[in-house]
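Chain identifiers are assigned alphabetically (A, B, ...) following the order of the sequence lines, protein sequences preceding nucleic acid strands; residue numbering begins at 1 within each chain. Treat the numbers as computed from the prediction; the structure is a model and nothing was measured.
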Amino acid sequence: MPTDGSSVTDWITAISQLVFMIIFLMLFLGFNQRFQVFIWSRNIKARLGVLENLARESRVKTIEKIRSLRVHAGKNSGGVSSPENRGKTSGETREEKIGKHEKISAGKEPEGNSEVERVVDELIDYFVITPVDIEPTDIIRRMDTLFKTREERFEGIIKTLLPNNSPYERSLVETALEISIALNFVYKIVRHLLLTGQKMNNWILIMQLEMMMPLIMRQATTYRKALDVFLSGKPIGDGIGPLVAHYLAKGATPREIVKDTVVYETKVEGRKAYIIKARGPESNVGHPGKAVEALVRNARENGEKIGMIITVDAALKLEGEKTGVVAEGVGAAIGDPGPEKIRIERAAADAGVPLHAIVIKMSMEEAILEMRKEIAEQVERVIERIKDLVRTLPEDRVVIISGIGNTLGIA
Amino acid sequence: MPFNTDGLGFLSPQLQGLITLVMLAATLTLFYYIMIKTQPKKSEERYVTRTIVKCLKCGYEEKRDFKEGDFVGKIEGNCPKDDGTLVIRLIYSEKVVEQKS
């Protein structure tokens with residue numbers, strides 16, 4: 001007869017053998033795959049919750065900023081349609097003014113803070129349909145039209161919300177909205193892919209999403225941190241181009257050459273130089289392509305001989321590269337989808353002049369968060385590289401230098 | 001006795017059960033250890049934004065904390081040394097590392 005001790009160990013042995021047999025059977029029937037998908041889905045869902053919070057926080061912060069700016073500019077809680085604001089020139093159409101007057105007369109709650117929320121929620125779902133690319137003829141002109149439409153629409157709406165605020169304050173709100181739109185979009189895409197994968201039992205889709213999640217989370221978290229940076233008005237890493245332009249300008253008076261873009265006339269190494277940057281200290285990237293195009297056209301009309309065009313911009317570093325490394329190359333150093341970049345390239349080609357690029361390497365996080373000390377300290381080195389290039393020109397030549405980037409916090 | 005005397009196996013049932021339990025515990029411990037060790041170490045890097053103000057005349061420089069409204073090129077006032085113009089020349093963030101295990 002077995003003893004009590006041996007019956008316990010018999011049970012343990014039997015149970016462990018049964019467990020191993022079940023695991024073995026499950027492996028053969030493919031339950032391991034379903035279990036893996038379950039684990040992945042659970043991980044993605046957890047991070048989706050984080051993405052949702054990031055999107056929600058950015059929306060709330062944007063709304064709070066708009067409200068505080070309205071108060072700061074002296075708007076009352078009744079908003080645009082309050083009685084004391086009626087009749088004031090605010091850029092509204094006659095129909096808009098009548099519509100709002102009717103609402104107040106009807107005893108409805110005056111628009112104000114609720115209007116801000118409504119407008120922000122509408123803008124957060126704003127989309128741009130990419131132009132047809134199977135027929136690439138005049139695609140640049142078509143892209144230009146789409147971007148211009150979007151830009152003007154956003155500016156118009158923000159001006160309606162903040163009619164009494166400065167362009168600087170409106171630019172902060174515009175950037176905050178862009179970040180909120182991006183975070184909302186990322187959250188919706190990840191949610192869509194997860195739900196689609198679960199519905200279709202598509203484990204490959206779930207697996208790919210799980211593999212991409214660390215990168216997505218890193219970018220989303222950086223965007224959320226960038227919102228705070230932009231709302232505080234601190235210069236970002238991408239502003240290194242405009243910072244170099246600011247230093248080269250040496251206090252010259254800026255002249256607006258195209259919308260949101262200024263040019264300074266100065267001298268670099270004894271040669272006449274046109275320095276282009278976006279108008280600061282607003283959060284603005286300007287239209288450097290249009291500015292270079294206009295300058296080249298004007299210079300040729302005035303009989304000026306252009307010697308070279310130099311673009312200065314931040315560039316993404318590869319993993320392992322040091323932040324702040326300055327590199328020289330050829331081409332238009334601008335991270336634009338096409339319209340501005342092609343204008344710079346065409347201007348250089350039409351003028352028959354070399355197109356040089358000087359970049360300062362940094363990571364994506366460093367580009368959209370506050371400018372790091374290692375990046376800011378490269379200004380003098382970049383200026384030396386520019387001077388080296390300019391010294392190769394005869395003294396009667398004109399050089400065009402464009403500082404590309406977001407000029408937040410840089411006049 | 002650890003060894004089975006009835007010829008059915010090398011080890012007695014008690015010892016088999018004990019070995020199974022020990023191996024299970026060791027596997028779980030090893031799994032947990034690997035999970036913990038492969039997590040990236042969290043070191044919270046704190047950044048502080050500084051504003052560098054410089055006198056255009058004598059080159060006098062001062063560093064202070066960023067305050068809202070600062071921008072590069074902003075005129076801050078007069079230099080305490082020679083009454084020249086004080087201008088904001090740089091705004092950047094510096095790292096203050098706090099290691100968190």
Side-chain angles (χ1 to χ4, degrees), chain A residues 2-17 19-20 168 172 214 218 225 228-229 231-237 239-240 242-247 249-251 254 277 280-283 323-324 365-366 369-380 407-411, chain B residues 1-2 4-6 8-9 11-25 27-28 31 35 38-40 42 44-52 54-57 61 63 65-76 84-85 87-97:
Chain A
T3 64
D4 282 346
S6 72
S7 72
V8 169
T9 52
D10 282 344
W11 274 111
I12 292 169
T13 309
I15 289 166
S16 53
Q17 282 179 356
V19 166
F20 279 118
Y168 170 74
L172 297 187
R218 183 177 146 197
K225 285 183 197 167
D228 295 331
V229 172
L231 291 179
S232 64
K234 295 174 186 171
I236 60 170
I240 187 67
L243 187 63
V244 166
H246 172 87
Y247 271 61
K250 288 178 231 159
K277 67 179 274 293
E282 291 120 66
S283 169
T323 298
E365 291 90 346
E366 287 160 348
L369 298 179
E370 308 105 316
M371 189 181 287
R372 300 276 162 92
K373 188 178 177 187
E374 310 87 84
I375 296 168
E377 285 172 341
Q378 299 310 313
V379 172
E380 295 298 333
T407 194
L408 174 67
I410 302 164
Chain B
M1 281 185 68
N4 203 323
T5 53
D6 63 6
L8 287 176
L11 300 169
S12 67
Q14 293 95 325
L15 199 56
Q16 277 181 40
L18 197 64
I19 290 169
T20 308
L21 276 174
V22 166
M23 278 175 68
L24 200 62
T27 309
L28 284 171
F31 178 72
M35 288 292 289
T38 51
Q39 297 264 344
K42 282 181 184 174
E44 213 167 271
E45 292 179 342
R46 205 166 60 85
Y47 284 86
V48 174
T49 312
R50 307 267 189 227
T51 300
I52 312 297
K54 197 171 179 178
C55 173
L56 295 177
K57 212 167 163 184
E61 236 182 58
K63 195 193 235 186
D65 283 345
F66 174 85
K67 63 177 193 279
E68 210 162 308
D70 282 352
F71 59 86
V72 174
K74 184 183 182 185
I75 296 171
E76 277 282 280
T85 312
V87 170
I88 295 180
R89 290 298 280 165
L90 272 182
I91 299 172
Y92 58 69
S93 65
E94 281 183 314
K95 188 160 63 175
V96 176
V97 178

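Atom CD of A/Glu282 sits about 10.0 Å away from atom CZ of B/Phe71, to the nearest 0.5 Å. With rounding to the nearest 0.5 angstrom, the NZ atom of A/Lys234 is 13.0 Å from the OH atom of B/Tyr47. Atom CG in B/Leu21 sits 4.5 Å away from atom CD1 in A/Ile12 (nearest 0.5 Å). With rounding to the nearest 0.5 angstrom, the CD1 atom of A/Ile410 is 15.0 Å from the NZ atom of B/Lys74.
Applying the side-chain contact (heavy atoms from CB on, under 4.5 Å) test to A/Tyr247 and every residue at least two apart in sequence or in another chain returns A/Leu243, A/Val379, A/Glu380, A/Ile383, B/Arg89, B/Leu90.
Enclosure of atom CD1 in B/Ile75 is not indicated, since only 12 or fewer non-hydrogen atoms of other residues, nucleotides or ligands lie within 6.0 angstrom.
No part of B/Ile88 comes within reach of chain A, as not one of its non-hydrogen atoms sits under 4.5 angstrom from that chain.
Among all heavy-atom pairs drawn from A/Glu370 and B/Thr49, the shortest one is OE2-OG1, 3.7 Å. Of all heavy-atom pairs between A/Gly409 and B/Ile91, the closest is O-CD1, 4.3 Å.
Of the listed residues A/Pro242, A/Pro235, A/Gly233, the one with more heavy-atom pairs under 4.5 angstrom with chain B than any other is A/Pro235. Here B/Ser93 is the residue among B/Gly69, B/Gly73, B/Ser93, B/Gly17 with the most heavy-atom pairs under 4.5 Å with chain A. Options A/Arg372, A/His246, A/Glu374 differ in how many heavy-atom pairs under 4.5 Å they form with chain B, and the most are formed by A/Arg372.
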